[in-house]
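Here is the structure we will look at, set down as structure tokens.
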Amino acid sequence: MTKEELLQRLADIEWDDFEVKEAKGELPKNIWDTVCAFANTSGGWIVLGVQEVRKNGKVQYHVTGVGNAEKLEQDFIGTLRSQTKFNLPLMVRAQKYQIGNHTVLAFQIASSLIKPVYFNNNLSNTFIRTGSGDQHATEMEILAIQRDQAFGSRSEQAIPGTSFNDLNLNSLHTYRRRIQEFNNEFAYNNLDDESFCRKVGIIYNDNLTYASLLMLGKRDAVQNAVHNFWIDYIEIPGTSYQDATTRYTYRMPEQENIWEYYQVLIQRLRLYANNPFTTGPDGFAPDDNSQLYALREGLVNLCAHADYFSPMHSTIRIFDNRIEFQNAGRFYIDFTRVKEQIVSMPRNPSIIKFFRYAKLSENAGYGIDKMMKWESLTGQKVIIATDIVSSTVTYMRSHQGGQDKKAGGQEINYLSDNKEDNRYKTGGREIAKSGRENEQGNRTRQQILSLIKENPSITRKELSDTIHISQSAIQKHLEYLKEHRIIERQGSTKSGSWKML
């Protein structure tokens, strides 16, 4: 930091990586709180010889200088390097400035590679930086800091006692079909299932890794290894929980693994994005630039960057005016510079790799540019926030009263505009369907069509298990689609397949 940069900061407000303190003859007592906070977060500068004055809600800085600068410098650096005060030695760089008749000392504290950092041999003396202040870390924050020591490696570890038999074969087969369709030159497409799993790293030394079990495992095996695995998806009819007309209109049942969550979630997100319906398992082409593509990148980012070992689980909330993806764990990239450089630091490298094999994510940088494409497509902001415990990506939506709208403000288009479709018979009487009932039916049929596109041989039971409605309800929707010449059945009931018309 040059003298000019220091003066510029002193003319500005106190930053989250910049702290000033008076120090006439000795080190301030609260300086260790700030050292600890910077070391546990992203590092920062401590400047001695500057007084902070708050007046009428404003902050002003007055240079007062330090006394005996050499002694203060040696005392400070010696304490950080000696390991008598802190639980580990800390890196520090010192600079001296002459401002007028005053000497000012500045120390740059680096973010520690080993965390948490605390002092006086007491874990409760763990501090973090929040805003421009130092705060005692909570128990959950300390646990999050400790888990961050395994960033990028914990999910790559093999789980003793697991094997190929702990994989959900239905998940594995739909995953492989996706790769075969969108990545048909993939080198291992023609291998048998177990050989495929060994080649791509799903099986490592005869065991599954945490990443592969989370991605494709059976429910019991997943829950046994990662007790809090759950992605909670809720659609809320309002702009907040408080103004919602009802608690929620849809809450997704728990799924077996990440891949099953992804397949259901992408279909739900389709309902809130304007996008061309093109051929392919997800309803869009790999080079598509639709709103759904932007949401898909947010979904893949959530799956790849979640801290699955946290007591906090991942959540997706659909409000009238926004879509929120919230994860346990912080982002490790600087989003103020994300448009200037390509950065890729997923918490779970293998999970992002599995999505890449299936052509469902960008090669680097979490597909941030695709996520931000939402802004130009909808005119609404994408807001990214992160702290030690959690991270949130919010896609803002246009909100028009209480009407049910997709992103961008356009009305949801039904599969058919035939007025007769809005009526059904019961007990010899014809009763008009409500708009909500008709809309839900069309949403369900859109899901059925997407699943048929992905797997033309899909059965009623598989459709029922995926969409979570009864097989008899599935049959009614299939009859509707056949009557309107949208699909037709080829071959026998048991061994035939569906054809899109």
Side-chain angles (χ1 to χ4, degrees), residues 167-186 188-197 215-216 218 253 255-257 259-271 275-288 292 296 354-355 357-360 413-416 418 421 440-501:
L167 293 176
N168 181 317
L169 290 183
N170 182 62
S171 300
L172 177 61
H173 292 160
T174 57
Y175 174 68
R176 293 198 65 184
R177 279 199 295 270
R178 166 75 201 199
I179 295 176
Q180 289 161 0
E181 181 164 355
F182 280 101
N183 195 1
N184 57 16
E185 296 182 357
F186 192 62
Y188 309 125
N189 275 343
N190 295 324
L191 296 179
D192 63 81
D193 286 342
E194 188 164 349
S195 298
F196 171 86
C197 291
M215 188 73 176
L216 296 166
K218 294 177 180 176
Q255 305 295 312
E256 297 245 340
N257 51 51
W259 183 245
E260 297 300 324
Y261 271 114
Y262 171 81
Q263 293 183 95
V264 177
L265 286 168
I266 196 65
Q267 301 306 330
R268 297 304 301 186
L269 291 174
R270 175 189 300 285
L271 304 176
N275 62 285
F277 197 92
T278 60
T279 57
D282 293 325
F284 46 71
D287 59 351
D288 187 14
L292 183 59
R296 191 195 75 180
F354 296 146
F355 277 108
Y357 288 158
K359 299 293 185 183
L360 286 171
N413 294 316
Y414 295 144
L415 283 172
S416 171
N418 187 338
D421 294 340
Q440 182 58 48
N442 280 287
R443 289 183 178 184
T444 302
R445 289 190 284 273
Q446 288 280 12
Q447 287 181 280
I448 291 173
L449 286 174
S450 297
L451 293 168
I452 288 175
K453 280 178 175 289
E454 177 184 356
N455 177 18
S457 300
I458 194 168
T459 65
R460 279 191 306 167
K461 184 179 185 306
E462 290 170 335
L463 288 169
S464 174
D465 291 343
T466 303
I467 300 176
H468 303 289
I469 61 175
S470 68
Q471 290 189 46
S472 60
I474 290 290
Q475 183 59 36
K476 290 180 180 179
H477 288 299
L478 291 172
E479 293 298 330
Y480 176 98
L481 294 171
K482 287 193 293 183
E483 289 174 7
H484 287 77
R485 300 292 299 159
I486 298 171
I487 61 173
E488 71 176 13
R489 186 71 176 176
Q490 295 182 323
S492 67
T493 302
K494 289 186 177 181
S495 60
S497 62
W498 296 103
K499 179 182 178 182
M500 303 292 297
L501 300 179

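One is the number of the first residue; the rest follow in order along the sequence.
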Stepwise side chain to side chain contact (heavy atoms under 4.5 Å, CB included) test for H173 and D193
CA-CA 8 Å; H173 292 160; D193 286 342; 2.7 Å; yes
Looking only at non-hydrogen atoms, find the nearest pair between [X] and [Y] and report the distance.
{"X": "S497", "Y": "S457", "result": "CB-OG, 4.0 Å"}
{"X": "S171", "Y": "N257", "result": "OG-ND2, 3.0 Å"}
{"X": "M500", "Y": "L449", "result": "CE-CD2, 3.5 Å"}

So, do [X] and [Y] sit near enough that their side-chain heavy atoms are less than 4.5 Å apart?
{"X": "L172", "Y": "C197", "result": "yes"}
{"X": "L481", "Y": "W498", "result": "no"}
{"X": "F355", "Y": "R178", "result": "no"}
{"X": "L451", "Y": "Q263", "result": "no"}
{"X": "L269", "Y": "R296", "result": "no"}

Please check if atom NZ in K499 has more than 12 non-hydrogen atoms from other residues, nucleotides or ligands closer than 6.0 Å.
no
Residue list, side chain to side chain contact (heavy atoms under 4.5 Å, CB included) with [X], at least two apart or on another chain:
{"X": "N189", "result": "I179, Q180, F186"}
{"X": "D192", "result": "E194, S195"}
{"X": "N170", "result": "N168, T174, E260, E462"}

Value rounded to 0.5 Å, distance of [atom1] in [X] from [atom2] in [Y]:
{"X": "Q475", "Y": "R460", "atom1": "CD", "atom2": "CZ", "result": "4.5 Å"}
{"X": "M215", "Y": "L167", "atom1": "CE", "atom2": "CG", "result": "11.5 Å"}
{"X": "E256", "Y": "L216", "atom1": "CD", "atom2": "CG", "result": "11.0 Å"}
{"X": "I452", "Y": "R445", "atom1": "CD1", "atom2": "CZ", "result": "12.5 Å"}

Using the side chain to side chain contact (heavy atoms under 4.5 Å, CB included) rule, take K482 and I487 through it: C-alpha gap first, then chi angles, then the decisive distance, then the call.
CA-CA 5 Å; K482 287 193 293 183; I487 61 173; 4.0 Å; yes
Any side-chain to backbone donor/acceptor pair from E488 onto I486? Under 3.5 Å, distance only.
no
Determine whether a donor-acceptor pair (N or O, by modelled atom type, separation under 3.5 Å) exists between the side chain of N183 and the backbone of Y357.
yes
Does I458 form a side chain to side chain contact (heavy atoms under 4.5 Å, CB included) with I448? I'd like the steps, not just the answer.
CA-CA 10 Å; I458 194 168; I448 291 173; over 6 Å; no
In terms of ring plane angle, is the pair F354 and Y175 parallel, tilted or perpendicular, where the classes change at 30° and 60°?
perpendicular
Thinking salt bridges, do E479 and K476 make one under a 4.0 Å N-O criterion?
no
